[in-house]
Amino acid sequence: MKPIVDILEERVVSVIAEVTGEVAPGVVKPTQDAKFGDYQANGIMGLAKKLKQNSRQLAQQIVDKLDVSDMCAEPEIAGPGFINFRLKPEWLGFRLTEAIKDKERLGIDPLDNPPTTVIDFSGPNIAKQMHVGHLRSTVIGDVIARILEFWYGDAKKIIRQNHIGDWGLQMGMVIFSMHTKKWREENNITLDNLEHVYRHANELAKNNPGIAENFKQSTVNLQSGDEKETGYWKKACEVSLNACMEIYQQLGVKLTLEDVRGESFYADKLPSVISDLSVAKMLSESDGAQCVFMDGFKTKDGEPLPLIVQKSDGAYLYATTDLAAIRFRVNELRADRIIYVTDARQKLHFEMVFSCVRKAGWAGENVTLEHVPFGSVLGNDGRPFKTRSGENIKLRDLLDEAHQRARKIVEEKNPDLPADQKESIAQAVGIGAVKYADLSNNLVSDYIFDWDRMLAFDGNTAPYVQYSYARVDGIFKKGNIDLDNLIQGDFHIELNDPKELSLAKLLLRYGEVVETVARDLRPHLLTNYLFDLAQAYSGFFETCPVLKSPEPVKTYRLLLCYQTARVVEHGLGLLGIQAIEQM
RNA sequence: GCGCUCGUAGCUCAGUGGAUAGAGCAACGGAUUUCUAAUCCGUAGGUCGCAGGUCCGAAUCCUGCCGGGCGCGCCA
């Protein structure tokens, strides 16, 4: 089914062409205020200006030729030349029926010829616990992957890439310590212990050049394939990645070991990055380092800013790895589109890397390169979110706390539920709250992490949206409703009550929203929509009895409930948040 | 210094050229023998940081300024 805005837009555009001979957009949008109807076309004013015509008169000519009588009441001309559309209740009922019958896609068409898309997100480091700094990339990247998967209608077109930090000096530090027999005897190889040696090594290296030399040697040994070093390295990776997978599972993030392709994977592809840049005559030496200079990048002194691809000591940098990764993704993974979900602070870095691969011709015009930057997570004081002692907050602890806080609330609200159900509710609500809070903000802005607000049951929160689903389900349970039977065969829906109408209109906008979110990669539009929908449902729930209503109203309302539940469940699903039947 | 980014109600935020700028929280006032009140309805609350400009129309685009955050050669 084509979204309603698109249908109206097309018709307006075609009448504009018929009346004026111009190809001009209708600029059809949902109205901001119900008194202007449901949708409005704003394009006439601009066009009238361009044609030096009176905009109201032009609007009148358009309306005279415009046939939308199947879906709308007679369009109205308002103000300087707005055209307002009011959808007919019968047509809404018809559309809703269509959407209900489409069990897989809820009446939303998949994109034609979707591009093969690589999404690079999460990117934790080996030998370090995942902490709050990884939260947003992981959560947002997962949501983008889920949304594009649905929009594309073809999961094979989405390639998740977890570009983990598993190479370089940091690894040498850890491995060197593992190398000593003493350490192995005294420590199990756990992530906690790995992290401990990593930190310890970092401190040692700072004021002990001898030790630092050992770390470097360990790194060199690893990179040249030394068997023993490689064995320790593999062990460290295994332990770390298992811990990551636990976090992903707890978070409900669809990342697996198969999505991991870390820095080490590109290690043997780095020399050719340098040599190919050299052949392309893009390489220059500056202070002993191999650099690429591109137009438009300047240092603080106004000098050209280099993209350094090889340090003066011969070592490669993350820019080199990113360049190699793009080549691999374009050539081997056959990516048409590559999306990076990282901190906004890396914006300049990606601009330079993208500019470099364009210049080198490694990614042609048919490949889209996108950086989706996001802001930081702040504490209540507006400073970066840390523990009291200034440490990064471990994701494991954060998620446990979410679970515990939610558990406590469930205990208060619904003490009679069985313990295991309380647990699963606490899990869904706690994790959902954390993710929803993250996603409901505009990506680029920093956001304040506030337990009480995200776990509140009123306001734009996961629990509020989840509750609307639980309420629908309560009706089905109470009424012993057989849903398969309800939506079987031919049925139609009549809408009369204003609350039914506003709920139905919102339900039918789901496709528009999904498309916008997928196109612009802005998840908060989806949370806003789900909140609006949950509110509309609450309003309906208060004033429109379902089970107590006589037929056929009862069936119409049950169908509205059914579709509400589906859209909420589906929408939350795109956000990686669980809908729950009871709270 | 240059660049990026943000500045909207007391607080947290929507609103990426359209009509009288919207929610939620907090505040105040109402609704409950319920289909889950984990809710709903109402009231109040604004020089959209400031000043110019473009436009039929600007919170939105442009310029300048003020304020916050971030970035700016061998970390990632």
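Naming: A, B, ... by sequence-line order, numbering from 1 per chain.
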For this session: Just call it for A:E581: base, sugar-phosphate, or nothing, with non-hydrogen atoms closer than 4.0 Å on any strand.
Result: base
Exercise. Under 4.0 Å between a Lys/Arg side-chain N and an Asp/Glu carboxylate O for A:D532 and A:R509?
Worked result: no
Exercise. Under a 4.0 Å N-O cut-off, is there an ion pair linking A:R345 with A:D343?
Worked result: yes
For this session: For A:H349, answer base if it contacts any base atom (sugar-phosphate contacts may also be present), sugar-phosphate if it contacts only those atoms, and nothing otherwise; contact means non-hydrogen atoms under 4.0 Å.
Result: nothing
Exercise. So, do A:F82 and B:rA19 meet the stacking rule of ring centres under 5.5 Å and planes under 30°?
Worked result: yes
Problem set entry | Listed nucleotide nearest any side-chain atom of A:Q535, set B:rA38, B:rU12, B:rG24 | B:rG24
Problem set entry | Aro-ring/base stack A:Y464-B:rA38, d under 5.5 Å, angle under 30° | no
Exercise. When all nucleic acid strands are considered with a 4.0 Å heavy-atom cut-off, which category describes A:N442: base, sugar-phosphate, or nothing?
Worked result: sugar-phosphate
Problem set entry | Integer-rounded Å distance: B:rC13 C1' and A:Y529 OH | 21 Å
Seminar exercise, completed: Looking only at B:rC72, B:rA19, B:rU36, the nucleotide nearest the A:L305 side chain is B:rC72
Exercise. In whole angstrom, what separates A:N42's CG from B:rG18's P?
Worked result: 7 Å
For this session: Quick one: label A:N380 by what it contacts on the DNA or RNA (base, sugar-phosphate, nothing), any heavy atom closer than 4.0 Å.
Result: nothing
Exercise. Whole Å only: how far is the CG atom of A:L525 from the P atom of B:rA14?
Worked result: 10 Å
Exercise. Which is true for A:A78 with a 4.0 Å heavy-atom rule: it touches a base, it touches only sugar-phosphate, or it touches nothing?
Worked result: base
Problem set entry | Euclidean distance, atom CG of residue A:N441 to atom P of B:rC6 [Å, nearest integer] | 14 Å
Exercise. Separation of A:N528 atom CG from B:rG24 atom P, in whole Å?
Worked result: 12 Å
Problem set entry | A:D33 with A:K35: basic N within carboxylate O range, under 4.0 Å | yes
Exercise. Over how many whole Å does the gap from A:K300 atom NZ to B:rG73 atom P extend?
Worked result: 5 Å
Exercise. Would you write out the dot-bracket form of RNA chain B, 5' to 3', with Watson-Crick and G-U pairs under 3.5 Å, [ ] for crossing pairs, | for pairs to other strands and . for unpaired bases?
Worked result: (((((((..((((....[...)))).(((((.......))))).....(((((..]....))))))))))))....
Problem set entry | Basic-acidic side-chain contact under 4.0 Å: A:E203, A:R199 | no
Exercise. Choosing from B:rU39, B:rU36, B:rG18, which nucleotide comes nearest the side chain of A:K29?
Worked result: B:rG18
Exercise. Does A:Y467 have its ring centroid less than 6.0 Å away from the ring centroid of A:Y464?
Worked result: no
Exercise. Atom CG of A:D473 and atom C1' of B:rU39: how far apart are they, to the nearest Å?
Worked result: 17 Å
Seminar exercise, completed: Rounded to whole Å, the CG-P distance (A:D33 to B:rG18) equals 15 Å
For this session: Fit a plane to each ring of A:F328 and A:F265, take the angle between them on a 0 to 90° scale, and name the class: parallel (under 30°), tilted (30 to 60°) or perpendicular (over 60°).
Result: perpendicular
Exercise. Closest heavy-atom contact between A:H524 and A:N442?
Worked result: ND1-CA, 3.8 Å
Seminar exercise, completed: Quick note, A:K35 side chain, CB onward, closest among B:rU5, B:rA38, B:rU20 is B:rU20
Seminar exercise, completed: Out of B:rG18, B:rC6, B:rA23, minimum distance to the side chain of A:M45 belongs to B:rG18
For this session: Assert yes or no for the condition that the ring centre distance of A:H349 to A:Y318 is strictly below 6.0 Å.
Result: yes
For this session: Remember a base hit wins even if backbone is also touched, and classify A:K554 as base, sugar-phosphate or nothing at under 4.0 Å, heavy atoms.
Result: nothing
Exercise. Looking across every strand, which nucleic acid part, if any, lies under 4.0 Å from A:Q32 by heavy atom: base, sugar-phosphate, or nothing?
Worked result: sugar-phosphate
Exercise. Contact class for A:L317 vs. all strands (heavy atom < 4.0 Å): base, sugar-phosphate, or nothing?
Worked result: sugar-phosphate
